[in-house]
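Worksheet: the structure to be examined is printed underneath.
Please read all numbers here as calculations on a predicted model, not as lab measurements. Both ligands and their constituent atoms are indexed starting at 1 by order of listing.
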Amino acid sequence: MDATRSTFPWWKEAVFYQIYPRSFAGTTGSGVGDLAGVLSRLDYLCRLGIDAIWLSPFYPSPMHDFGYDVADYCDVDPIFGSMKDAEELIEAVHDRGMRIIIDWVPGHTSLLHPWFVEARSSRTSPRRDWYIWRDPSDDGGCPNNWIAAFGNVPAWTFDEGSGQYYLHSFLAEQPDLNWSNPEVREAMHGVLRFWLDRGVDGFRADVVHNIGKDSALADVGDARKNLPRFLLNEEAATHGYLREVRSLLDGYPGERMMVGEVVLFSIDQMSSYYGQEDELHLVFNFRSLYTPWEAREWGDCIADTTRSLAKLGAWPAWAMSNHDLPRQRTRFGSEACARAAALMLLTLRGTPFLYMGEELGLEDAEVPQDRRLDPGGRDGCRAPIPWNGGPLAGWPTDPWLPFPPDADKRNAAEQSPDQTSMLSHYRALLRARRGSVALRRGSMRRIDAPGGVLAYQRMAAADSRTILINFSGDSIDCEVIPEGCIEVASDGARETGARFDGRLGPYEALLLRPLNPRSP
Ligand code: TEU
């Protein structure tokens with residue numbers, strides 16, 4: 001019996017596609033992608049078969065952190081377009097039957113945000129307490145030993161004008177908001193309402209576990225004092241703040257949702273931010289962003305995730321790359337592994353998040369020293385998408401970062417008609433997922449398999465699928481029960497519908513249908 005709609009809201013069944021707008025598609029001579037560019041590629045995304053878009057920040061920003069330093073949460077940076085473009089995009093996404101969620105950066109603003117400009121103007125400013133200020137320590141130094149995210153520098157910067165330090169978990173240009181102040185919470189709720197009223201289906205919440213702060217600002221102990229503070233920050237108050245956000249979202253019609261970036265060390269720590277179905281709808285499983293290409297490691301990652309989330313009745317969210325981390329092909333070392341990884345990502349139980357360009361099998365760009373821009377060294381995975389094999393790869397002018405390797409061959413126009421391409425592989429996987437209730441909603445159980453192979457089955461009432469992934473570079477004999485026939489093969493060469501012959505090629509992954517389905 002199928003679960004009801006409320007047990008399976010759209011975001012549990014959706015495949016999300018992350019767009020980093022600077023690098024997706026450009027329509028002007030600025031060298032930077034824009035909202036009109038996203039609009040122009042919606043049909044490409046429809047044909048790919050994704051269900052929802054996550055759009056990284058497009059708000060006015062001085063771009064010290066390429067948009068994660070927001071100077072106005074309720075507008076569009078002119079480099080990306082206008083409010084009208086944003087509204088048109090939301091409507092066009094919906095017209096095509098897709099959904100759109102946008103980035104919400106609750107923990108810090110840009111230092112150019114009018115709130116911070118006012119806060120730093122004097123110690124008695126009405127907005128002073130919207131940020132976290134402290135007097136220098138007795139020796140004139142920082143108030144505590146916390147470290148910021150990039151460059152192993154203190155998380156405090158001294159403001160000459162007002163004679164105090166302000167806290168920043170990331171760059172000095174990104175002062176942390178003080179969420180213990182109810183006015184800040186109300187203002188950030190206002191941001192959510194602003195975009196919900198304009199029809200967005202939800203939000204990706206940036207480093208959201210970091211919004212609550214220890215009011216005593218205690219030093220980090222010696223063993224961990226060199227780690228960026230945000231990786232350690234856990235405050236009970238954050239859960240209360242998230243419950244308020246959840247009830248705001250639940251007050252809107254249409255199953256609006258929030259997926260949170262919670263960057264903490266253990267799965268249990270991360271999963272606590274689902275609350276009792278009253279905090280985040282989804283939490284990115286960071287372990288899947290760091291697990292190496294090894295059958296046992298992935299088996300453990302899946303088992304630990306399943307165990308941790310089952311206690312809460314929570315639904316997993318998987319990602320293997322994003323705009324902060326190496327692409328799958330770079331991370332796993334070859335196209336064959338990236339193809340197998342795609343098959344795994346799109347068949348695990350939970351909501352998958354694809355990073356733009358993975359469907360083209362892109363590698364990180366090699367960015368020469370003199371073109372490096374990101375303070376966190378993350379330029380490579382942010383290289384622009386090559387749309388065709390021309391000298392500018394479909395961009396109106398040379399983009400802000402170099403293209404990924406082999407863009408003349410590895411591009412959308414070249415791969416689209418080629419049935420063996422990575423793009424065709426992703427299309428086949430997304431089609432298979434859409435066509436199988438077991439893949440979208442089903443339970444998951446491990447199947448015994450030889451060393452080097454991870455095997456599992458997805459099951460829902462009358463539907464099932466078997467998945468085999470060979471993590472090794474050797475061919476492996478792998479008998480599976482029940483027997484199945486090929487629905488998707490990662491190497492793109494096997495005959496669809498043929499009975500599986502029991503032998504997996506090196507780094508090969510297979511999605512098998514039952515030979516004798518229990519229902520038509
Ligand atoms: O990322 C937080 C975060 O976890 C990253 O800083 C990550 O640790 C690092 O990039 C690994 O190399 C979010 C955004 O995704 C990121 O782009 C922003 O820079 C950051 O928050 C600050 O807003």
Point to revise | Selection from Asp324, Asn210, Asp69 by shortest heavy-atom distance to atom 11 (C) of ligand 1 | key: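 Going through Asp324, Asn210, Asp69 one by one, Asp324 has the nearest heavy atom to atom 11 (C) of ligand 1.
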
Interfacing atoms of ligand 1 (cut-off 4.0 Å, heavy-atom, [X]):
X: Arg382; result: 17 (O)
X: His323; result: 14 (C), 15 (O), 16 (C), 17 (O)
X: His108; result: 22 (C), 23 (O)
X: Val263; result: 4 (O)

**Study point:** For atom 9 (C) of ligand 1, the protein heavy atom that lies nearest, with its residue and separation
**Key:**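 Nearest neighbour among protein heavy atoms for atom 9 (C) of ligand 1, to 0.1 Å: Arg378 NH1, 4.2 Å.
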
Practice item. Name the closest protein heavy atom to atom 19 (O) of ligand 1, giving the residue it belongs to and the distance to 0.1 Å. Key: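 The closest heavy atom on the protein side is Asp65 OD2, 2.6 Å.
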
Check your understanding: Are Arg41 and Trp387 in a cation-pi contact, defined as NZ or CZ under 6.0 Å from the six-membered ring centre and within 45° of the axis?
Key ->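 Yes - Arg41 lies over the ring of Trp387, closer than 6.0 Å to its centre and within 45° of its axis.
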
Review point. Taking the non-hydrogen atoms of Arg204, is any one of them nearer than 4.0 angstrom to ligand 1?
Key: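 Yes.
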
Review point. Does ligand 1 have any atom sitting under 4.0 Å from a heavy atom of Phe230?
Key: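 Phe230: in contact with ligand 1 (<4.0 Å).
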
Point to revise | Qualifying residues under side-chain contact (heavy atoms from CB on, under 4.5 Å), relative to Pro136, sequence neighbours excluded | key: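 For Pro136, the residues satisfying side-chain contact (heavy atoms from CB on, under 4.5 Å) (neighbours in sequence not counted) are Phe158, Tyr165.
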
Check your understanding: Does Trp318 have its ring centroid less than 6.0 Å away from the ring centroid of Phe286?
Key ->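 Ring-ring flag for Trp318/Phe286: false, centres at least 6.0 Å apart.
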
Using distance alone, with no hydrogens and no angle criterion, decide if [X] and [Y] have a side-chain donor and acceptor under 3.5 Å apart.
X: Tyr73; Y: Thr109; answer: no
X: His209; Y: Thr238; answer: no
X: Asp129; Y: Asn181; answer: yes

Can you give me every donor-acceptor pair (side chain of residues 337-350, partner residue at least two apart or in another chain, under 3.5 Å) with its distance?
residue, atom, partner, partner atom, Å
Arg339, NE, Glu335, OE2, 2.9
Arg339, NH1, Ser490, O, 3.0
Arg339, NH2, Glu335, OE2, 3.2
Arg339, NH2, Thr420, O, 2.6
Thr347, OG1, Leu343, O, 2.8
Thr347, OG1, Met344, O, 3.2
Thr347, OG1, Tyr456, OH, 2.7

